[in-house]
Amino acid sequence: MSERNSQILVEPKLSVLPNKLALTTNTQNHVFIQYSVHSVGRIMAREIASVFCNVDFQKGSSSDKLRRDFLIDNLLVIPTFQRSFYDLVGITDETNRERDALLENIYEVAHKFRSLLQEQNPEYWADLTDPASGYPLFSPRGLSLYPDVDGAQRLLKYQTELAGCCRIILHPKWGTRNYPATMFTTAPLNVVEDILGKMFSNC
């Protein structure tokens, strides 16, 4: 069977979040966040199935093939990028504080997204892979971690560069001033679009 490529279902959209650093630094009082929604092909579905291998997507099915096929048909991947004030390639007190604030931001976004989905239907599954570890935030740890940089490169075709021993994303508008994170859900696309639209104030 031929590989079905991942597809962009919702083109990148720009929104804003409150900036938790604005009270203690000279940064702006909001943070830009970009999100998009994607389906996945067979190879990426197999890799993500390993990240969430302890999630019972189909209520009792343990077949790897059935899990993979379910994810091909139902999984939506939502890569996000927050625009950082500092260039996060550097390691300073300021960049560490900003990383912590942006991490807290995406935790709050993921909690709200998951809560709103499950208010509509408790069967809707959603998760975030922790940008600090690559492991699921809400689900049990799987066999693999999810690399946000690699995922964004594959889904959005963004360029990357090496910074020391780490590969980082070059956002087409923000360069290395970005903080990537990725959410996942098996909810229907129309439901996901509606909830993201309610959560964010698009610019």
Side-chain angles (χ1 to χ4, degrees), residues 5-15 17 31-41 43-55 71 75-91 95-114 125-186 192 196 199-200:
N5 292 328
S6 303
Q7 295 181 326
I8 300 179
L9 303 178
V10 176
E11 293 286 343
K13 293 186 177 184
L14 194 64
S15 302
L17 298 171
V31 174
F32 287 110
I33 183 170
Q34 175 192 296
Y35 69 89
S36 53
V37 183
H38 306 252
S39 64
V40 297
I43 294 174
M44 199 165 187
R46 183 175 65 242
E47 294 169 355
I48 293 173
S50 181
V51 177
F52 298 105
C53 64
N54 292 313
V55 177
L71 293 179
L75 182 69
L76 299 177
V77 181
I78 308 169
T80 70
F81 299 87
Q82 294 178 77
R83 186 179 189 271
S84 61
F85 183 79
Y86 298 106
D87 187 340
L88 298 184
V89 173
I91 305 295
T95 59
N96 286 338
R97 281 196 294 270
E98 185 167 26
R99 283 190 196 89
D100 289 343
L102 297 176
L103 181 62
E104 185 177 344
N105 276 349
I106 200 61
Y107 282 170
E108 291 180 3
V109 166
H111 277 279
K112 185 174 182 180
F113 178 66
R114 184 170 180 262
W125 172 85
D127 210 330
L128 168 83
T129 44
D130 189 333
S133 70
Y135 290 110
L137 183 63
F138 304 112
S139 306
R141 283 192 177 191
L143 297 173
S144 306
L145 53 81
Y146 182 80
D148 292 303
V149 170
D150 180 62
Q153 182 182 33
R154 293 165 71 177
L155 294 170
L156 289 158
K157 313 304 181 190
Y158 286 175
Q159 298 297 308
T160 65
E161 71 175 27
L162 280 174
C165 60
C166 299
R167 187 165 293 279
I168 58 174
I169 280 285
L170 294 175
H171 189 277
K173 293 183 178 180
W174 306 332
T176 55
R177 293 175 185 258
N178 74 85
Y179 188 83
T182 311
M183 297 191 296
F184 306 82
T185 184
T186 53
V192 171
L196 290 174
M199 285 176 57
F200 294 122

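Residue numbers count from 1 along this sequence. These values consider heavy atoms only, across backbone and side chains, with no hydrogens, waters or symmetry-generated copies. Just so we're clear, the structure is a prediction, and the values are computed from it rather than from any experiment.
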Exercise. List in chain and number order the residues that pass side chain to side chain donor-acceptor pair (under 3.5 Å) with Ser139, two or more places apart in sequence or in another chain; answer none if no residue qualifies.
Key: Trp125, Asp127
Practice problem: Sequence neighbours left out, what passes side chain to side chain donor-acceptor pair (under 3.5 Å) with Thr95? Give chain and number order. | Solution: Thr92, Arg99
Quiz prompt | Within residues 144-165 or reaching into it, pairs that qualify as salt bridge (charged side-chain N to carboxylate O under 4.0 Å, His left out) - sequence neighbours excluded | solution = Glu47-Arg154, Asp150-Arg154
Quiz item: Shortest non-hydrogen contact from Pro147 to Leu145?
Solution: CD-O, 3.5 Å
Quiz item: How far apart are the closest heavy atoms of Leu155 and Ser39, and which atoms are they?
Solution: CD2-O, 4.2 Å
Quiz item: Is a side-chain donor or acceptor of Glu98 paired with a backbone partner of Leu88 at a separation under 3.5 angstrom?
Solution: no
Practice problem: Return yes if some donor-acceptor pair links the side-chain N/O of Asn54 with the main-chain N/O of Arg141 below 3.5 Å, else return no. | Solution: yes
Does a side-chain heavy-atom distance below 4.5 Å link [X] with [Y]?
X: Ser6; Y: Val40; answer: yes
X: Tyr158; Y: Val149; answer: no
X: Asn178; Y: Ile169; answer: yes

Self-check item: Name of the residue among Phe138, Tyr146, Phe113 meeting ring-ring contact (aromatic ring centres under 6.0 Å, His included) with Phe184
Solution: Tyr146
Practice problem: Using side chain to side chain donor-acceptor pair (under 3.5 Å) as the criterion, point out the one residue from Lys13, His171, Arg83, Gln82 that pairs with Gln34. | Solution: His171
